[in-house]
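One structure is given here, and the rest of the page talks about it.
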Amino acid sequence: MMKLLILGGSRFLGKHMLKAALARNIEVTLFNRGISGGQPDPDVEILHGDRNADMNILRGRQWDCVIDTSGYWPSQMRSAAKILSDNIGHYTFISTCSVYSDFTARNISETDGLLTLEQEQLSVLDAEHAEKSLQLEHYGALKTHCEEVLRQAMPTRSLIIRPGLIVGPYDVSDRFSYWVKRLMRGGNVLAPGSRSRPVQLIDARDLAEWAVSLGSASVTGTFNATGPKNVLTMGELLQVCRDTCSNEAEFTWVSDDFLQEQKIQPWTELPFWLPDTETGTPGDVGGIFSLSVKRAIDMGLNFRPLHETVEDTMHWLLEARPEALGSLKAEREQQLLALWQLRSTR
């Protein structure tokens with residue numbers, strides 16, 4: 001029986017990795033701090049430890065492959081490689097599409113330029129990481145350097161996956177789930193920007209099943225991982241959410257200019273909203289929703305229907321997270337809609 005070690009595994013993507021591995025009758029060991037999530041399965045071995053401080057509990061153990069869902073700092077990767085390199089056959093690292101340096105580009109491929117940090121700055125950040133929370137401004141660059149550490153340590157035994165926006169059940173980020181909850185509530189929904197603007201996302205279960213499959217087969221290389229296979233627009237995304245969650249909702253499409261005038265924060269306050277700009281101009285980040293996934297699809301990445309992702313996320317929200325997480329608050333949304341209506345009637 002194949003043996004798999006998952007670094008992390010207690011939250012969101014890690015939970016789906018675990019389920020995908022167990023479905024393949026893989027023997028799974030989890031290594032994490034044990035501060036989130038419960039016992040996933042009586043037959044799953046759990047080793048508790050902090051990868052920032054001490055991974056010695058993993059010494060002397062043998063696994064066929066490792067899936068790392070929790071590597072954010074190069075020093076974490078160096079520690080893992082030092083302890084595990086002689087004891088494993090293959091290492092899969094879940095990186096991020098945020099490693100790319102130029103999101104004014106479209107159809108970004110795995111060979112495009114990456115963010116990096118100057119060595120002095122990298123050394124300072126890396127040395128202090130145990131005492132500091134991850135700084136979003138350095139997230140992509142730090143992941144780039146994590147990839148670099150892994151390639152140097154295991155050049156012929158490593159797989160690097162760069163996901164786009166990961167969605168689905170167990171996602172507490174409120175990015176995709178904001179829209180599911182909003183359409184569940186119905187009524188007049190503020191829809192941001194252009195309905196024809198492309199968006200990309202990937203169900204965590206599709207990503208997990210594919211990553212486990214590739215890791216089990218010792219596939220190497222680097223792959224973008226997002227979806228769907230064909231272009232998905234913001235209008236289509238919201239329509240599927242409405243059809244799945246509430247037939248009573250109505251959309252009011254509000255312009256980018258208006259939202260920017262009202263100082264609404266793209267992405268964080270209104271998930272999936274990135275203002276349209278002229279391609280190639282400063283501030284244009286539309287390329288983050290324009291990743292090329294040809295290599296991944298050629299390597300077997302499949303996508304479940306979007307309505308299934310929406311429906312399963314809705315059921316999870318109803319059962320596990322009934323409280324409002326909140327991005328754009330309901331009161332603020334109604335204020336914006338009223339202001340937009342007033343402007344439109346002038």
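These values consider heavy atoms only, across backbone and side chains, with no hydrogens, waters or symmetry-generated copies.
Residues D203 and T309 have side chains that bring a donor and an acceptor to within less than 3.5 angstrom of each other. One side chain, D126 or S75, offers a donor N or O that lies under 3.5 Å from an acceptor on the other.
Between H16 and L207 the shortest side-chain heavy-atom distance does not fall below 4.5 Å. Side-chain contact between L125 and L117 is present, with at least one heavy-atom pair separated by less than 4.5 Å. Using a 4.5 Å heavy-atom cutoff, the side chains of S255 and W340 are in contact. The shortest side-chain heavy-atom distance between T268 and Q265 falls under the 4.5 Å cut-off. With a 4.5 Å cut-off on side-chain heavy atoms, V28 and I6 count as touching. For the pair L18 and K15, the minimum side-chain heavy-atom distance is 4.5 Å or more. A 4.5 Å side-chain heavy-atom check between M1 and E27 finds at least one atom pair inside the cut-off. Side chains of D174 and P271 form no contact here, defined as non-hydrogen atoms less than 4.5 Å apart.
Here the closest non-hydrogen pair linking C65 and M2 is SG-SD, 4.1 Å. The shortest non-hydrogen separation linking W273 to I264 is CZ3-O, 3.4 Å. Residues G186 and A249 come closest through the heavy atom pair CA-CB, 3.9 Å. Closest non-hydrogen pair, A191 versus L238, comes out as CB-CD1, 3.8 Å. M17 approaches I94 most closely through the heavy-atom pair CE-CD1, 3.8 Å. Across L30 and G8, no two heavy atoms sit closer than the pair CB-O, 4.1 Å.
A donor-acceptor pair is defined here as one N or O able to donate and one able to accept, closer than 3.5 Å; such a pair exists between the side chain of Q76 and the backbone of W73. Checking side-chain atoms of H90 against main-chain N and O of V219 turns up a donor-acceptor pair under 3.5 Å. In this structure a side-chain-to-backbone donor-acceptor pair under 3.5 Å is present from R106 to T104. One N or O on the side chain of T144 and one on the backbone of L115 form a donor-acceptor pair closer than 3.5 Å. Remark: side-chain polar atoms of Q200 are not paired, donor with acceptor, to backbone N or O of L165 under 3.5 angstrom. Here the side chain of K19 pairs no donor or acceptor atom with the backbone of A208 at under 3.5 angstrom. Under the 3.5 Å distance criterion, the side-chain polar atoms of E311 are left unmatched by any main-chain donor or acceptor of E308.
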Which is it for R295 and L301 under the side-chain contact (heavy atoms from CB on, under 4.5 Å) test, yes or no, and what are the steps along the way? CA-CA 9 Å; R295 294 191 72 236; L301 178 59; over 6 Å; no
Test side-chain contact (heavy atoms from CB on, under 4.5 Å) on V310 and L183 and set out the steps. CA-CA 10 Å; V310 174; L183 270 298; over 6 Å; no
Please test L122 against T116 for side-chain contact (heavy atoms from CB on, under 4.5 Å), starting from the C-alpha separation and ending with a verdict. CA-CA 9 Å; L122 176 61; T116 58; over 6 Å; no
Does the side-chain contact (heavy atoms from CB on, under 4.5 Å) test come out yes or no for Q152 and R78, once each step is laid out? CA-CA 10 Å; Q152 291 176 352; R78 283 191 290 272; over 6 Å; no
Take E269 and K263, measure what salt bridge (charged side-chain N to carboxylate O under 4.0 Å, His left out) needs, and give me the verdict at the end. CA-CA 10 Å; E269 199 169 6; K263 301 189 184 306; over 6 Å; no
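Annotation: side chain to side chain donor-acceptor pair (under 3.5 Å) contacts of R242 (sequence neighbours excluded): Q239. Listed by chain and number, the residues in a salt bridge (Lys or Arg N to Asp or Glu O under 4.0 Å) with E148 amount to none (sequence neighbours excluded). Contacts of W253 classified as ring-ring contact (aromatic ring centres under 6.0 Å, His included), with partners at least two apart in sequence or in another chain: none.
In this structure, E45 does not pair ionically with K3, as no charged nitrogen and carboxylate oxygen lie closer than 4.0 Å. Ion pair K294/E110 not flagged as a salt bridge, since none of the NZ, NE, NH1 or NH2 atoms sits closer than 4.0 Å to an Asp/Glu carboxylate oxygen. A salt bridge links R151 with E147: at least one charged nitrogen is closer than 4.0 Å to a carboxylate oxygen. Between R51 and D68 a salt bridge is recorded (basic side-chain N to carboxylate O distance below 4.0 Å).
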Could you tabulate the donor-acceptor pairs under 3.5 Å formed by side-chain atoms of residues 220-227, not counting sequence neighbours?
from	atom 1	to	atom 2	distance (Å)
N224	OD1	Y100	OH	2.7
N224	ND2	I108	O	3.1
N224	ND2	S292	O	3.0
T226	OG1	L201	N	3.4

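Considering CD of Q262 and CG of L339, their distance stands at 5.5 Å, rounded to 0.5 Å.
By the 4.5 Å side-chain criterion applied to Ile, Leu, Val, Met, Phe, Trp and Tyr, V66 is assigned to a cluster that also includes L5, L7, F31, L47, M55, I57, L58, W63, M77, I83, L84, I88, Y91, F93, V149, L150, M154, I160.
Of the candidates Q121, E120, Q119, Q119 is the only one forming a side-chain hydrogen bond (donor to acceptor under 3.5 Å, both in side chains) with S123.
Using cut-offs of 30° and 60° on the angle between ring planes, the pair W316 and Y170 is perpendicular.
For residues 207-235, the pairs satisfying salt bridge (charged side-chain N to carboxylate O under 4.0 Å, His left out) are E209-R304, with sequence neighbours left out.
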